[in-house]
Amino acid sequence: MTPPAPAVVGQAGRKRPPEQGKGSGCDGRGRQAVEECARAAKHAAPSLATAPDTAIDAALTAMADRLLAHRDELLAANRADVERSTAEGMSAGLLDRLTITDERLTGMADQLRLLAGAPHQERTLDVSTLDGGLKLVERRRPVGVIGANYEARPNVTVDVASQLVKSRNAGVLRTGGAALGSAQRLVEVVVAPALAEAGIDPAVVQLVPRSEREAAAALVRLPNLVPLVILRGSGDSTRALATEGATHGVRTLAHADGGGVLYVDEAADPDTVATLVRGSLDRLGVCNRLNLLLVHSAVHQQLWPVIEEALAAREVTPSLAPHEHAIGYEWALDSDREATVTVATVDGLAEAAAVANEQTSGLAAGIATEDAAAAEAFFDAYQGTGVFWNAPTRLLDGFKLLGVPETGINLDRVPGPRGPVTYTDLYVRQYAVLPASR
């Protein structure tokens, strides 16, 4: 059963919190709902693009305050989502993503306050002086309206909305049915009222009140309204949406695949290996967890008891050769076998890097070694978005690395935002030539 349309945002220009039971202005079905949301966001976008820094940061601070003030209401809405999804057979890993605990909600508020205190992007940067008494400057402008499609992670609603607000971009958010109830309450009682309190049109953040797949596809077919869409979710569906977007002239930042790799070098310290294995498996339903463990053949027999004990401590089963699956198979997306790590031996660093580059998503890889030269060689050889020396791939996260939430992790191997994408990446560049005296 599709939940009813929430009181997400009001009409453009409204400066008061939404009222319970009022529509969002995008309460049609599927494609129609997405287009209505996109038009409403585009109409309201100037309210955010021209807002002073103080208003932006006040809105983010108000979101943090409202998260805590409405804690019981938000946790109750999330429990309803979790209970329904549990009854429908959702896997433990996906349920973990779906769940907002009291601790996680407090963490969400803390991240919002850190984001409010983070410096704003310079809107104009001097580049050079030109002939004829002119100078060149680079101007950084908001994209306008950015879409985001994500599945059973309600915290992403706040993560993405806050990043869009900080970067002065309006947004159209679409989530799956499992998290829609939680997302609705987060927008209703946290995001929209906080924007209104800061004097920003709350219509700049739209939540599509539909969970049909049709709505996700519609979001990447509106280049004139939503030229950029952030995609987060399972690999196949996200890749399909990215392809669909490309055919319609919509740019996507896709976080389709994950899975961390750890290479255990012949100069690895056993205690360090055990710590890395345990530390990389504290959560199984996340993209940056340990997925593939490559062990140098020269030390495999010696270190296997240490590795086996570390895996057992996390109740994780090793998948050993001969493997009946691709070496880089992402266990976090396997609802029946997510508590699994692929283990394979390699003959050295070069082979480990080649496997990580060619047979995994390219999200992140680490090396366990006490040999600095080996670590440097691995850093040079691995081409993915994050590389780690005696550190877990779980650190590949916007908040853990950069101190602000992320909109997703982009794995593109072309110029542009790559790795954790934050508010500092969500702009378009414009060159301006003006008199040198100005």
Side-chain angles (χ1 to χ4, degrees), residues 45 49 115 118-125 127 136-150 156 159-173 219-233 235 237-259 287-288 356-358 360-365 379-380 382-387 393 395-432:
L115 182 59
H120 287 261
Q121 283 282 82
E122 291 289 340
R123 299 199 204 184
T124 302
L125 299 174
V127 178
L136 174 65
V137 300
E138 177 188 315
R139 303 182 72 211
R140 295 177 174 179
R141 305 178 60 92
V143 174
V145 180
I146 297 177
N149 185 75
Y150 52 99
V156 174
D159 286 352
V160 173
S162 63
Q163 296 291 306
L164 296 183
V165 170
K166 187 78 174 186
S167 62
R168 291 183 171 79
N169 286 289
V172 178
L173 314 183
L219 188 58
V220 295
R221 295 172 180 165
L222 300 170
N224 294 326
L225 294 173
V226 189
L228 174 65
V229 178
I230 296 160
L231 300 175
R232 297 180 61 167
S237 64
T238 298
R239 280 190 293 272
L241 287 173
T243 300
E244 182 75 10
T247 64
H248 288 83
V250 172
R251 174 73 188 275
T252 57
L253 294 175
H255 184 170
D257 301 285
C287 67
N288 53 17
N357 286 331
E358 299 168 12
T360 78
S361 69
L363 178 83
F379 275 40
D380 289 341
Y382 180 61
Q383 301 165 2
T385 67
V387 63
T393 57
L395 292 174
L396 191 75
D397 170 88
F399 183 69
K400 291 177 181 177
L401 288 183
L402 306 173
V404 293
E406 66 190 32
T407 63
I409 300 176
N410 184 43
L411 305 184
D412 288 350
R413 299 191 182 191
V414 296
R418 191 167 187 247
V421 177
T422 73
Y423 74 97
T424 61
D425 301 303
L426 302 178
Y427 69 90
V428 291
R429 184 170 59 187
Q430 179 186 59
Y431 284 118

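Not measured: the values here are computed from a predicted model.
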For this session: Return the minimal non-hydrogen interatomic distance between Tyr382 and Ala364, and the atom names on each side.
Result: OH-N, 3.2 Å

For this session: Check Val428 against Pro142 and note the closest heavy-atom contact, atom names and distance.
Result: CG2-O, 3.9 Å

For this session: Report yes or no: does Thr124 contribute a side-chain atom to a donor-acceptor pair with the main-chain N or O of Arg139 at less than 3.5 Å?
Result: no

Problem set entry | CG on Asn169 to CG on Leu228, rounded to 0.5 Å | 8.0 Å

For this session: Specify the closest pair of heavy atoms between Ala161 and Leu173, including all atoms of both residues, with the distance to one decimal.
Result: CB-CD1, 4.4 Å

Problem set entry | Main-chain N/O of Leu363 paired to Thr385 side chain as donor or acceptor, under 3.5 Å | yes

Seminar exercise, completed: Here the gap from Ile409 atom CD1 to Arg418 atom CZ, rounded to the nearest 0.5 Å, amounts to 12.0 Å

Problem set entry | Which atom of Val226 lies closest to which atom of Gly147, heavy atoms considered | CG1-N, 3.3 Å

For this session: Could you tell me the separation between the CG atom of Asp425 and the CD atom of Glu406, rounded to the nearest 0.5 Å?
Result: 11.0 Å

Problem set entry | Spatial distance of atom CG (Leu115) from atom CD (Gln163) [nearest 0.5 Å] | 5.5 Å

Exercise. Checking side chain to side chain contact (heavy atoms under 4.5 Å, CB included) for the pair Arg141/Arg168: CA distance, chi angles, key distance, verdict?
Worked result: CA-CA 9 Å; Arg141 305 178 60 92; Arg168 291 183 171 79; over 6 Å; no

For this session: Could you point out which residue of Asn224, Val172, Leu225 forms a side chain to side chain contact (heavy atoms under 4.5 Å, CB included) with Val145?
Result: Val172

Exercise. Rounded to the nearest 0.5 Å, how far does OG1 of Thr407 lie from CD1 of Ile230?
Worked result: 3.5 Å

Exercise. Is a side-chain N or O of Asn410 found less than 3.5 angstrom from the main chain of Leu253, in a donor-acceptor match?
Worked result: no

For this session: Output, in order, the C-alpha distance, side-chain angles, deciding distance and verdict of side chain to side chain contact (heavy atoms under 4.5 Å, CB included) for Thr252 and Leu241.
Result: CA-CA 9 Å; Thr252 57; Leu241 287 173; over 6 Å; no

For this session: Drop me the distance from Glu122's CD to Glu138's CD, to the nearest 0.5 angstrom.
Result: 11.0 Å

Seminar exercise, completed: Closest non-hydrogen atoms of Asp159 and Pro405, given as atom of the first, atom of the second and distance, are OD1-CB, 3.8 Å

Exercise. Which heavy atom of Gly249 sits nearest a heavy atom of Pro223, and at what distance?
Worked result: O-CB, 3.8 Å

